Amino acid sequence: SLGPVHARVLVHGQQVSTTLWAERAATAELFHRRLEDLRAGFQRAGMLVGRVTCTAGAPAPTPGPNPPLVDTRA
């Protein structure tokens with residue numbers, strides 16, 4: 001019922017940044033209201049937290065011929 005959701009998680013050393021895209025506006029709003037919970041979870045796990053964002057829509061295609069190191073669907 002949430003529709004398609006995309007996530008990009010970047011980890012650099014002990015810092016984690018996350019961008020979420022929800023293709024349904026209502027889902028993006030729901031996620032946006034819970035971003036602080038995600039940030040707190042990263043902090044409890046001992047991570048330094050960079051950017052944590054959510055937007056409506058889909059991410060732009062990744063440029064370049066090389067596929068990402070990890071590409072999963074859930």
Side-chain angles (χ1 to χ4, degrees):
S1 66
L2 295 176
V5 175
H6 308 266
R8 181 171 294 139
V9 180
L10 302 172
V11 178
H12 183 73
Q14 290 295 311
Q15 183 171 341
V16 62
S17 295
T18 303
T19 304
L20 302 170
W21 293 267
E23 292 190 18
R24 294 183 180 166
T27 301
E29 179 58 32
L30 173 68
F31 284 7
H32 185 74
R33 290 192 310 258
R34 302 302 301 263
L35 288 178
E36 284 306 312
D37 294 334
L38 180 58
R39 177 180 294 278
F42 285 143
Q43 289 173 333
R44 280 191 304 275
M47 302 294 290
L48 300 173
V49 182
R51 252 181 109 164
V52 177
T53 62
C54 180
T55 190
T62 304
N66 299 323
L69 180 61
V70 177
D71 187 0
T72 63
R73 291 182 183 260

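The basis for the numbers below is simple: all heavy atoms, side chains too, and nothing from hydrogens, waters or symmetry mates. Everything numeric in this text was worked out from a predicted model, so none of it was measured.
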Compile the donor-acceptor pairs under 3.5 Å between side chains in residues 41-55 and protein atoms, sequence neighbours left out, one pair per line.
none

Nearest heavy-atom contact between Arg8 and Ala60 is NH2-O, 4.3 Å
Apart from Leu10 itself, its cluster of hydrophobic side chains linked below 4.5 Å comprises none
Donor-acceptor contacts under 3.5 Å from residues 18-30 side chains, at least two apart:
| unit_1 | atom_1 | unit_2 | atom_2 | d |
| --- | --- | --- | --- | --- |
| Glu23 | OE2 | His6 | NE2 | 2.7 |
| Arg24 | NH1 | Ser1 | O | 2.8 |
| Thr27 | OG1 | Leu2 | O | 2.7 |

